[in-house]
A.B. asks: 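Pasting in a structure now, in structure tokens, and then I'll have a few things to ask.
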Amino acid sequence: MDLGLQGKSIIVTAASKGLGKAIAKQFAAEGSHVLISSRNQEELKKTQEEIRLETGNNHVEHTVCDITKPQSVKELVSKAVEINGTVDVLINNAGGPPAGTFDNVNDEDWQNAFELNLLSFVRAIREVLPHMRSQRSGRIINIASSSIKQPIDNLILSNTFRAGIVGFSKSLSQELAQDNILINTIGPGRIATERVAHLDKVKAEKLNKSYEEVKSQSEKSIPIGRYGEPQEFANMVVYFCSGANTYVTGQSLLVDGGMVKAL
């Protein structure tokens with residue numbers, strides 16, 4: 001199937017590692033012109049070179065961006081337009097906030113999580129919309145978490161703002177449909193990234209268990225019986241941004257190997 005992504009202008013945030021990196025690599029493999037960003041210049045450059053080498057696509061660029069800063073987000077989108085002329089696809093991605101329960105997070109923690117995991121998405125979309133509206137076409141994916149369907153213990157900050165992403169995306173989909181701009185939310189389950197490994201280690205310490213034991217128990221809760229690979233998640237994201245998707249918008253779905261039982 002031709003996904004129609006050759007030459008398309010793509011922005012992927014938080015893309016120096018993990019899911020963002022896997023998504024950027026898959027777009028590059030499809031021949032897209034990809035701009036990756038994160039706060040770490042050294043990691044970004046390394047990732048850019050790796051993606052170019054593995055995909056043979058030299059249209060992969062990078063720029064440092066702190067998505068919690070409005071001006072930094074503006075500069076990110078301006079850079080994409082400068083390089084590629086427009087923005088066809090925005091992948092809103094951000095690292096998760098710290099683990100914790102209600103009693104051990106404070107106002108600063110709440111504000112930081114809001115800025116990182118919800119308001120940054122709002123700001124990035126605000127910046128790309130003029131370009132998508134002018135061409136009457138665009139795709140936006142907001143990366144969330146399996147907590148959009150079922151809250152995760154000890155992650156109250158993430159649970160709160162990931163759910164907010166769903167409401168925001170659903171509302172916005174109604175406003176953007178007339179311009180053929182499709183927006184969806186995709187939540188990863190237990191995907192084998194550094195973030196998931198960190199959370200497993202935090203849980204292991206809390207329960208006084210080994211990391212291996214915690215991971216094994218987690219894998220048993222997944223019907224497929226293993227953690228997903230970043231590439232498997234990236235495949236779904238790229239599909240919903242492609243020419244193959246012309247009718248799905250305002251939806252929230254999981255890539256979780258059947259882990260979450262809630263509807």
Side-chain angles (χ1 to χ4, degrees), residues 1-38 44 47-63 65 76-94 121 124-125 127-144 169 172-173 176-177 179-188 191 228-253 255:
M1 179 185 293
D2 180 8
L3 294 180
L5 289 167
Q6 183 79 30
K8 294 294 185 180
S9 173
I10 318 292
I11 294 175
V12 186
T13 64
S16 63
K17 58 184 177 180
L19 296 180
K21 176 180 177 179
I23 292 166
K25 186 181 295 185
Q26 188 58 32
F27 275 116
E30 294 293 333
S32 301
H33 295 190
V34 186
L35 178 61
I36 60 174
S37 75
S38 79
L44 273 175
T47 296
Q48 175 192 15
E49 292 172 351
E50 179 183 328
I51 293 175
R52 284 184 171 191
L53 181 63
E54 292 189 12
T55 65
N57 184 345
N58 289 323
H59 296 288
V60 180
E61 305 293 340
H62 77 274
T63 188
C65 177
L76 168 65
V77 176
S78 293
K79 178 74 175 288
V81 174
E82 176 187 340
I83 296 171
N84 300 318
T86 189
V87 178
D88 296 300
V89 174
L90 169 66
I91 307 299
N92 267 325
N93 183 41
F121 287 24
I125 290 172
E127 294 302 318
V128 302
L129 279 185
H131 306 285
M132 292 183 175
R133 280 175 166 147
S134 69
Q135 64 197 20
R136 294 188 59 78
S137 177
R139 299 291 184 271
I140 300 169
I141 295 291
N142 291 328
I143 306 299
S169 301
L172 192 56
S173 70
L176 301 182
D179 290 316
N180 191 34
I181 301 170
L182 310 185
I183 177 170
N184 293 288
T185 302
I186 303 183
I191 309 296
E229 293 299 323
Q231 181 65 45
E232 292 175 300
F233 183 81
N235 288 341
M236 293 301 298
V237 172
V238 169
Y239 170 80
F240 279 101
C241 294
S242 75
N245 174 31
T246 57
Y247 203 63
V248 178
T249 191
Q251 302 305 306
S252 56
L253 63 149
V255 180

A.B. asks: For the residue pair Asp88 and Ser9, establish whether any side-chain heavy-atom pair is separated by less than 4.5 Å.
C.D. replies: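 A side-chain contact under 4.5 Å exists here.
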
A.B. asks: Could you tell me whether the side chain of Leu176 reaches within less than 4.5 Å of the side chain of Leu129, counting heavy atoms only?
C.D. replies: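 With C-beta onward as the side chain, the pair touches.
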
A.B. asks: For Ser169, which of Asn142, Thr249, Asn184 qualifies under side-chain hydrogen bond (donor to acceptor under 3.5 Å, both in side chains)?
C.D. replies: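 Only match with Ser169 under side-chain hydrogen bond (donor to acceptor under 3.5 Å, both in side chains): Asn142.
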
A.B. asks: If the condition is side chain to side chain donor-acceptor pair (under 3.5 Å), which residues does Asn180 pass it with, not counting sequence neighbours?
C.D. replies: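 Asn180 satisfies side chain to side chain donor-acceptor pair (under 3.5 Å) with no residue once adjacent residues are dropped.
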
A.B. asks: Evaluate the side chain to side chain contact (heavy atoms under 4.5 Å, CB included) criterion for residues Leu76 and Thr63: first the C-alpha distance (whole Å), next the side-chain angles of each, then the deciding distance (0.1 Å), finally the verdict.
C.D. replies: CA-CA 7 Å; Leu76 168 65; Thr63 188; 3.5 Å; yes

A.B. asks: Is there a donor-acceptor pair under 3.5 Å between the side chain of Arg52 and the backbone N or O of Val60?
C.D. replies: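 It does hold such a pair.
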
A.B. asks: Could you check if a side-chain atom of Cys241 sits within less than 4.5 angstrom of a side-chain atom of Ile141, using non-hydrogen atoms only?
C.D. replies: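 Yes, at least one pair of side-chain atoms sits under 4.5 Å.
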
A.B. asks: Restricting to ring-ring contact (aromatic ring centres under 6.0 Å, His included), what partner residues turn up for His33, sequence neighbours left out?
C.D. replies: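 Testing His33 for ring-ring contact (aromatic ring centres under 6.0 Å, His included), a comparison that skips the adjacent residues, returns His59.
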
A.B. asks: Return the CD to CG distance between Glu61 and Leu44, rounded to the nearest 0.5 Å.
C.D. replies: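 Interatomic distance, Glu61 CD to Leu44 CG, rounded to 0.5 Å: 11.5 Å.
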
A.B. asks: How far does CD1 of Ile36 sit from CD1 of Ile51, to the nearest 0.5 angstrom?
C.D. replies: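 Atom-to-atom, Ile36:CD1 and Ile51:CD1 are 5.0 Å apart.
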
A.B. asks: Calculate, to the nearest 0.5 Å, the distance between atoms OG and CG belonging to Ser137 and Leu182 respectively.
C.D. replies: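 Going from the OG atom of Ser137 to the CG atom of Leu182 covers 8.0 Å.
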
A.B. asks: With the side chain counted from C-beta on, respond yes when Ile140 and Phe121 share a heavy-atom pair under 4.5 Å apart, and no when they do not.
C.D. replies: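 No, side chains not in contact.
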
A.B. asks: Please determine whether side chain to side chain contact (heavy atoms under 4.5 Å, CB included) holds for the pair Gln26 and Val237, giving the CA-CA distance in whole Å, both sets of side-chain angles, and the decisive distance to 0.1 Å.
C.D. replies: CA-CA 9 Å; Gln26 188 58 32; Val237 172; over 6 Å; no

A.B. asks: Identify the two heavy atoms, one from Pro230 and one from Ile191, that lie closest to each other, and give their separation to 0.1 Å.
C.D. replies: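 Heavy atoms only, the tightest pair is N-CG2, 3.6 Å.
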
A.B. asks: With Gln251, which residues qualify under side chain to side chain donor-acceptor pair (under 3.5 Å), at least two apart?
C.D. replies: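 Gln251 satisfies side chain to side chain donor-acceptor pair (under 3.5 Å) with no residue once adjacent residues are dropped.
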
A.B. asks: Using side chain to side chain donor-acceptor pair (under 3.5 Å) as the criterion, list what pairs up with Thr86, not counting sequence neighbours.
C.D. replies: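 In terms of side chain to side chain donor-acceptor pair (under 3.5 Å), with neighbours along the sequence ignored, Thr86 is linked to Gln135.
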
A.B. asks: State, with a plain yes or no, whether a side-chain heavy atom of Asn93 is found less than 4.5 Å away from one of Ile23.
C.D. replies: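 Asn93 vs Ile23: side chains apart.
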
A.B. asks: If the condition is side-chain contact (heavy atoms from CB on, under 4.5 Å), which residues does Ala244 pass it with, not counting sequence neighbours?
C.D. replies: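 Expected list: Met1, Leu3, Tyr239, Ser242.
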
A.B. asks: Using a 4.5 Å cut-off on heavy atoms from C-beta on, say whether the side chain of Ile143 contacts that of Ile91.
C.D. replies: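 In short, these two side chains touch, coming nearer than 4.5 Å.
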
A.B. asks: List for me each residue that meets salt bridge (charged side-chain N to carboxylate O under 4.0 Å, His left out) alongside Glu50, sequence neighbours excluded, and say none if there are none.
C.D. replies: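 Result, salt bridge (charged side-chain N to carboxylate O under 4.0 Å, His left out) vs Glu50: Lys21, Lys25.
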
A.B. asks: Who passes side-chain contact (heavy atoms from CB on, under 4.5 Å) against Ser252, sequence neighbours left out?
C.D. replies: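 Per chain and number, Ser252 pairs via side-chain contact (heavy atoms from CB on, under 4.5 Å) with Ile148, Lys149, Val166, Thr185.
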
A.B. asks: For Cys65 and Ser37, which heavy atoms make the closest approach, and how far apart are they?
C.D. replies: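 Closest approach of Cys65 to Ser37: CB-CB, 3.8 Å.
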
A.B. asks: From Arg139 CZ over to Ile183 CD1, what is the distance, rounded to the nearest 0.5 angstrom?
C.D. replies: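 With rounding to 0.5 Å, CZ (Arg139) is 12.0 Å from CD1 (Ile183).
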
A.B. asks: Mind checking what makes salt bridge (charged side-chain N to carboxylate O under 4.0 Å, His left out) contact with Glu30, not counting sequence neighbours?
C.D. replies: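 Glu30 satisfies salt bridge (charged side-chain N to carboxylate O under 4.0 Å, His left out) with no residue once adjacent residues are dropped.
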
A.B. asks: What is the minimum heavy-atom distance between Ser32 and Asn57, and which atoms define it?
C.D. replies: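 In terms of heavy atoms, the two residues are closest at O-ND2, 2.8 Å.
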
A.B. asks: Nearest 0.5 angstrom please: Phe27 CZ to Ile10 CD1, how far?
C.D. replies: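 One finds 4.5 Å between CZ of Phe27 and CD1 of Ile10.
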
A.B. asks: Taking only residues two or more places apart in sequence, or in another chain, which ones meet Asn245 in a side chain to side chain donor-acceptor pair (under 3.5 Å)?
C.D. replies: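 So Asn245 forms no side chain to side chain donor-acceptor pair (under 3.5 Å) with any residue.
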
A.B. asks: So do Met132 and Asp179 actually touch side chain to side chain, heavy atoms under 4.5 Å?
C.D. replies: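 A side-chain contact is absent here, since even the closest heavy-atom pair is not under 4.5 Å.
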
A.B. asks: Just jot down the salt bridge (charged side-chain N to carboxylate O under 4.0 Å, His left out) partners of Lys79, sequence neighbours excluded, or say none.
C.D. replies: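 With sequence neighbours excluded, Lys79 shows a salt bridge (charged side-chain N to carboxylate O under 4.0 Å, His left out) to no residue whatsoever.
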
A.B. asks: Give the minimum heavy-atom separation between Ala14 and Ser38, together with the two atoms involved.
C.D. replies: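 Closest pair (atom of Ala14, atom of Ser38, distance): CA-CB, 4.4 Å.
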
A.B. asks: Mind checking side-chain contact (heavy atoms from CB on, under 4.5 Å) for Ala124 and listing every partner two or more places apart, or none if nothing turns up?
C.D. replies: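 Partners of Ala124 under the side-chain contact (heavy atoms from CB on, under 4.5 Å) test: Val73, Leu90, Asn92.
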
A.B. asks: Considering residues at least two apart in sequence or located in another chain, which fulfil the side-chain contact (heavy atoms from CB on, under 4.5 Å) criterion with Leu53?
C.D. replies: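 Expected list: none.
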
